[in-house]
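This report refers to the structure that appears directly beneath it.
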Amino acid sequence: MGPPDCLLGSPISDKTGFVDVDKITMRHKKYTNIFAIGDCANSPNGKTAAAVAGQTGVIKANLFALLDGRPMPAQYNGYTSCPLVTGYGKLILAEFDYDGNPLETFPFDQGKERYTMYYMKKDILPEVYWNGLVRGLWPGVTPLRRALHLGLKK
């Protein structure tokens, strides 16, 4: 995996060709009117749809604050998710932050194979992706994680 050809050698890219962003705000380090997301950003996280969803919420909040002349309030913690299919009808939902620490959404041990997680990936996540994330309506899993953990987890 590498950056798109249009970014190679661009003044907004780092030496590897990815857009050079602050990993917490997703804002360009030099050009303050540029934000980057997903596979084109040089943030050191897994390049997954779940990461893009988390970045989307952060960028949206920070962009509106920037336009209103306020400090940027949102911080991206490196959240990414990897649904690991371990067999037919079984899955481990691995979620973690920049440091590789577990950042589990559900209030149970997600390191255990579960058929419920398999069906969530198979039937629910495609709906969230196509009808939420792609349309800009899904700001990431953070609000859901807070609700399911009664506000005790970030």
Side-chain angles (χ1 to χ4, degrees), residues 1-8 13-14 16-29 34-66 72-154:
M1 208 225 90
D5 290 342
C6 63
L7 292 176
L8 295 173
S13 300
D14 64 10
T16 62
F18 292 97
V19 178
D20 195 19
V21 297
D22 175 88
K23 72 178 192 174
I24 303 299
T25 64
M26 302 306 294
R27 183 182 186 184
H28 196 276
K29 291 178 180 175
I34 294 175
F35 289 81
I37 192 168
D39 294 354
C40 71
N42 69 350
S43 55
N45 57 280
K47 306 301 189 196
T48 65
V52 169
Q55 292 168 353
T56 299
V58 169
I59 288 175
K60 182 177 179 181
N62 287 342
L63 187 56
F64 281 120
L66 180 68
M72 293 186 296
Q75 298 184 346
Y76 179 56
N77 58 7
Y79 172 81
T80 195
S81 175
C82 296
L84 306 169
V85 177
T86 56
Y88 187 79
K90 297 186 287 184
L91 183 135
I92 293 173
L93 184 61
E95 298 176 289
F96 42 91
D97 64 14
Y98 276 132
D99 299 321
N101 298 315
L103 200 54
E104 296 178 335
T105 296
F106 298 96
F108 49 77
D109 180 9
Q110 290 179 210
K112 180 181 175 188
E113 294 177 320
R114 296 180 187 274
Y115 73 92
T116 53
M117 295 290 100
Y118 176 83
Y119 288 104
M120 181 189 69
K121 178 194 177 351
K122 179 181 164 290
D123 298 326
I124 296 171
L125 290 182
E127 293 294 323
V128 170
Y129 178 82
W130 290 110
N131 296 310
L133 180 60
V134 171
R135 295 180 181 190
L137 303 173
W138 177 247
V141 75
T142 301
L144 178 63
R145 181 184 315 107
R146 286 185 184 142
L148 291 175
H149 291 274
L150 305 174
L152 301 174
K153 281 193 173 185
K154 293 183 176 186

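Quick caveat: nothing in here was measured; it's all calculated off a predicted structure.
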Heavy-atom closest pair, residues Leu66 and Arg27: CD1-NH2, 3.5 Å

Audit row: Arg145, Phe106, side-chain contact (heavy atoms from CB on, under 4.5 Å) steps and yes/no: CA-CA 7 Å; Arg145 181 184 315 107; Phe106 298 96; over 6 Å; no

Any donor-acceptor N/O pair, His149 side chain to Glu104 backbone, under 3.5 Å: yes

Cys82 versus Phe96, closest heavy-atom pair with distance: SG-CZ, 4.1 Å

Contacts of Thr86 that satisfy side chain to side chain donor-acceptor pair (under 3.5 Å) - sequence neighbours left out: Glu113

Minimal non-hydrogen separation, Ala36 against Val19, with atom names: CB-CG1, 3.5 Å

Pair listing, ring-ring contact (aromatic ring centres under 6.0 Å, His included) test, anchored in residues 112-143, at least two apart: Tyr88-Tyr118

Side chain to side chain contact (heavy atoms under 4.5 Å, CB included) against Leu137, all qualifying residues, sequence neighbours excluded: Arg135

Residue list, side chain to side chain contact (heavy atoms under 4.5 Å, CB included) with Asp22, at least two apart or on another chain: Ile24, Thr25

Chi angles and distances behind the side-chain contact (heavy atoms from CB on, under 4.5 Å) call for His28, Phe35: CA-CA 6 Å; His28 196 276; Phe35 289 81; over 6 Å; no

Sequence-distant partners of Thr16, side chain to side chain contact (heavy atoms under 4.5 Å, CB included), two or more places apart: Asp14, Phe18

Listed partners of Glu95 passing side chain to side chain donor-acceptor pair (under 3.5 Å), at least two apart: Tyr79, Thr105, Gln110

Residue of the set Leu93, Leu84, Val85 for which side-chain contact (heavy atoms from CB on, under 4.5 Å) holds with Met117: Leu93

CA sep, side-chain torsions, deciding dist, call: Arg146, Thr142, side-chain contact (heavy atoms from CB on, under 4.5 Å): CA-CA 6 Å; Arg146 286 185 184 142; Thr142 301; 3.5 Å; yes

Within 6.0 angstrom of Lys121 NZ, more than 12 heavy atoms from elsewhere: no

Heavy-atom closest pair, residues Leu7 and Cys40: CD1-CB, 3.6 Å

Non-hydrogen side-chain atoms of Met26 and Ile37 separated by less than 4.5 Å: no

Verdict with reasoning, Arg114 to Lys90, per side-chain contact (heavy atoms from CB on, under 4.5 Å): CA-CA 5 Å; Arg114 296 180 187 274; Lys90 297 186 287 184; over 6 Å; no

Worked verdict on Asn42 versus Asp20 for side-chain hydrogen bond (donor to acceptor under 3.5 Å, both in side chains): CA-CA 6 Å; Asn42 69 350; Asp20 195 19; 2.8 Å; yes

Those residues that, when tested against Asp5, pass side chain to side chain contact (heavy atoms under 4.5 Å, CB included) (two or more places apart): Leu8

Under 3.5 Å, side-chain donor or acceptor atoms of residues 43-65 against the rest of the protein: list the pairs with distances, not counting sequence neighbours.
{"unit_1": "Ser43", "atom_1": "OG", "unit_2": "Asn45", "atom_2": "OD1", "d": "2.6"}
{"unit_1": "Asn45", "atom_1": "ND2", "unit_2": "Tyr76", "atom_2": "OH", "d": "3.4"}
{"unit_1": "Lys47", "atom_1": "NZ", "unit_2": "Ala41", "atom_2": "O", "d": "3.0"}
{"unit_1": "Lys47", "atom_1": "NZ", "unit_2": "Ser43", "atom_2": "O", "d": "2.8"}
{"unit_1": "Thr48", "atom_1": "OG1", "unit_2": "Ala50", "atom_2": "N", "d": "3.4"}
{"unit_1": "Thr48", "atom_1": "OG1", "unit_2": "Ala51", "atom_2": "N", "d": "3.0"}
{"unit_1": "Thr48", "atom_1": "OG1", "unit_2": "Thr80", "atom_2": "OG1", "d": "2.6"}
{"unit_1": "Gln55", "atom_1": "OE1", "unit_2": "Gly38", "atom_2": "N", "d": "2.7"}
{"unit_1": "Thr56", "atom_1": "OG1", "unit_2": "Val52", "atom_2": "O", "d": "2.7"}
{"unit_1": "Asn62", "atom_1": "OD1", "unit_2": "Ala74", "atom_2": "N", "d": "2.9"}
{"unit_1": "Asn62", "atom_1": "ND2", "unit_2": "Val58", "atom_2": "O", "d": "3.4"}
{"unit_1": "Asn62", "atom_1": "ND2", "unit_2": "Ala74", "atom_2": "O", "d": "3.0"}

